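Following: one structure in structure tokens, then a few remarks.
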Amino acid sequence: MLDPHIFRTDLDYVKEQLSRRSFSFNTESYTALEARRKDIQVKTQELQNERNSRSKSIGQAKAKGEDIQPLLDQVQHLGDQLKEAETELSGIQAQMAALMEGIPNILDVSVPDGKSEDDNIEISRWGDIPVFDFEPKDHVDLGSKRGMDFELGAKIASARFVVLNGPLARLQRAIIQLMLDMHSLEHGYNETYVPFLVNADSLRGTGQLPKFESDLFKVDNDPAFYLIPTAEVPVTNIVRDVIVDAKDMPLKFVSHTPCFRSEAGAYGRDVRGMIRQHQFEKVELVQIVKPEESAKAHEELTEHAENVLKKLKLPYRKVLLCAGDTGFSSSKTYDLEVWLPGQGAYREISSCSNFRDFQARRLQARWRNPETGKPELVHTLNGSGLAAGRTLIAIMENYQDAQGRIRIPEALLPYMGGLDIIE
RNA sequence: GGAGAGAUGGCCGAGUGGUCGAAGGCGCACGCCUGGAAAGUGUGUAUACGGCAACGUAUCAAGGGUUCGAAUCCCUUUCUCUCCGCCA
């Protein structure tokens, strides 16, 4: 959520900024609603004031043993008026809240204009794209004889599910282990295990609700649970309604979870292989930082994700998302795209975002600023470090040989129980 | 799943219908005291919205209700704790 204060002080700025995302914000209807809110709030508070002061004098009169009946008669009509005003006020407040919850974050000044991923800006490239003296296969072909079974996934669940058997299952686990170890031991993150089902409040806090419910799997329960689309949701909600001690900041969490996405609206996209699944494994990095440190933390967090790709010697590029491609809650996002020989293309393997105070305001996640002595909103950030399923694919495709065997990257050998190649 | 007890400020804890946004304590901040510190002592110490301000309004888990007036009474929900059952 954006700061309501800037809506009151600089509405044109808000409108202009939101238009970068092609989000058209109707200032006229907002202004009208806000004026009505203020009007009715003042009226309601005046009525409340009158009721309070009259009730107080009734109390005083009663204490002195005076006759309170005349006072009661005076106050009789107040109740209905007040109730009416209060009902109207809460209605308008709900409307305002719904409006505010549907407005995306304001973009950082460094975010380039643009409509789609075609307008993203490449920041850097790392690693050499492997040259094969044979036609490289994609992970589906490589996996078909080595325990990667999409038909079985479809039988057990549906399309967009996979079963991994034997060494490939182990390889995915090894990838997760390596990433958790790197982030917790080398990058200073606190390893965290969290619920995979969350409530609606948590999703509202990080911005998935109310706007993006159709992207989620919902569990029929009262009240509803949702399967997490990313560990960002449970982990960031650790600080919901919390005032973090300044001396504990930054808070840095790393968490491995499965992620569940309905992929509604992705029909026909990436139907082949493990690229886009309803269920996938991911190691997520989350940071809770002081506002003035978030830009620097964003660069660092992205580097932490990059270090995993470097350790695995996977070629990748770093991309700054343009205005149109940056997610709803984010003010600035870097994507890391790994080279997939099977596709002959770079594909997203990590997305690192600075949300500034957008999530924090929804979460009421604050810290006590020693300079002001007041609780102030924190800044939140997160990034994949990395998506494990896509890392598995990238290793398979980049480390294949002419026979379709997959060499195990050196960094993963300690986790593979002596296996150095998947035959 | 059954039975019971709870939920109050940064923390502990008092408060069962009326000047209660809430005693007292801890913690914290700033003074005094001291050579310096500890102890002692004084003052202050929630958040949001409206207002230039004085101040007003809301908030005692959440939502509803009773009442002129609710932290306090009633209902519903959530969460925590204890005991029993079940269970990885």
Side-chain angles (χ1 to χ4, degrees), chain A residues 1-9 11 30-101 193-205 209 219 221-226 234 237-249 251 288 290 357 360-378:
Chain A
M1 212 162 84
L2 295 173
D3 186 355
H5 189 67
I6 60 169
F7 283 75
R8 289 186 213 111
T9 53
L11 203 54
Y30 171 85
T31 308
L33 192 61
E34 169 65 10
R36 231 172 105 219
R37 194 217 95 224
K38 198 161 173 176
D39 193 48
I40 288 157
Q41 185 162 333
V42 168
K43 184 176 145 201
T44 305
Q45 293 191 353
E46 277 169 1
L47 285 167
Q48 285 169 332
N49 185 11
E50 190 175 344
R51 178 205 60 195
N52 289 348
S53 57
R54 283 178 188 256
S55 292
K56 200 170 273 184
S57 58
I58 289 174
Q60 286 166 347
K62 205 174 172 186
K64 289 184 209 148
E66 292 168 6
D67 180 19
I68 60 168
Q69 192 54 48
L71 292 170
L72 286 181
D73 292 341
Q74 280 174 30
V75 85
Q76 218 171 19
H77 65 286
L78 258 179
D80 294 337
Q81 274 183 44
L82 182 58
K83 187 157 285 181
E84 197 182 314
E86 280 175 340
T87 305
E88 194 176 354
L89 180 61
S90 64
I92 288 176
Q93 281 171 336
Q95 270 184 61
M96 293 286 288
L99 184 75
M100 297 294 281
E101 278 192 337
Y193 171 82
V194 291
F196 304 157
L197 294 176
V198 295
N199 57 38
D201 283 342
S202 292
L203 288 155
R204 205 171 294 116
L209 288 181
V219 177
N221 186 70
D222 190 22
F225 285 130
Y226 296 83
N237 271 275
I238 289 171
V239 293
R240 170 150 54 93
D241 296 321
V242 169
I243 299 174
V244 182
D245 213 317
K247 69 177 190 300
D248 297 332
M249 295 173 83
L251 293 176
I288 312 296
K290 298 173 185 170
D357 62 10
R361 187 169 292 106
R362 291 171 164 240
L363 292 162
Q364 281 302 297
R366 297 173 295 175
W367 68 299
R368 195 171 291 275
N369 185 345
E371 285 178 23
T372 60
K374 298 272 183 196
E376 296 172 11
L377 296 171
V378 299

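Proteins get letters first, then strands, A, B, ... in listed order; numbering begins at 1 in each. Only a predicted model underlies this, so the values are computations on that prediction, with no experimental measurement involved.
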Anything under 3.5 Å between a donor and an acceptor, one on a side chain of residues 37-44 of chain A, the other on a protein residue two or more places apart or in another chain? List them.
from	atom 1	to	atom 2	distance (Å)
A:R37	NE	A:Q41	OE1	3.1
A:R37	NH1	A:E34	OE1	2.9
A:R37	NH1	A:E34	OE2	2.7
A:R37	NH2	A:Q41	OE1	3.2
A:T44	OG1	A:I40	O	2.6

Got A:E376 and A:K290 here, is their nearest side-chain heavy-atom distance under 4.5 Å?
no

Whole-Å distance between [N] [atom2] and [X] [atom1]?
X      : N     : atom1 : atom2 : value
A:Q93  : B:C49 : CD    : C1'   : 9 Å
A:K38  : B:A48 : NZ    : P     : 18 Å
A:D245 : B:C28 : CG    : P     : 12 Å
A:N369 : B:A29 : CG    : P     : 15 Å

Applying side-chain contact (heavy atoms from CB on, under 4.5 Å), name anything that partners [X], two or more places apart in sequence or on another chain.
X      : answer
A:T9   : A:H5, A:I6
A:E84  : none
A:F196 : A:Y193, A:I228, A:T257, A:P258
A:A97  : none

Protein-to-nucleotide contact annotation, 5' to 3' order, nucleotides 54-69 of chain B [B base; S sugar-phosphate only; - none; under 4.0 Å, heavy atom]
--BBS-------S-BS

When the [atom1] atoms of [N] and [M] are considered, how many whole Å apart are they?
N     : M     : atom1 : value
B:A29 : B:A61 : C1'   : 30 Å
B:A22 : B:A14 : C1'   : 10 Å
B:U76 : B:G4  : P     : 14 Å

Tell me, please, which residues at least two apart from A:R54 pass salt bridge (charged side-chain N to carboxylate O under 4.0 Å, His left out).
A:E50

Secondary-structure string, 5' to 3', Watson-Crick or G-U under 3.5 Å, | for another-strand partners, for RNA chain B:
((((((((.[[[..)..(.....]]]((((((.......))))))(((((....))))).[[[[[..)....]]]]])))))))....

Taking ring pair (Phe, Tyr, Trp, His ring centres under 6.0 Å) as the test, write out the residues that go with A:F225, two or more places apart.
none

Every protein N/O lying under 3.5 Å from an N/O of nucleotides 43-47 of chain B:
none

Sort and list the pairs that fulfil ring pair (Phe, Tyr, Trp, His ring centres under 6.0 Å) and have at least one residue in residues 43-68 of chain A, not counting sequence neighbours.
none

Which pairs pass side-chain hydrogen bond (donor to acceptor under 3.5 Å, both in side chains) with one or both residues in residues 238-249 of chain A, sequence neighbours excluded?
A:S202-A:R240, A:N237-A:R240, A:D245-A:K247

Let me see the working for A:R204 and A:D201 under salt bridge (Lys or Arg N to Asp or Glu O under 4.0 Å), right down to the final yes or no.
CA-CA 5 Å; A:R204 205 171 294 116; A:D201 283 342; 2.8 Å; yes

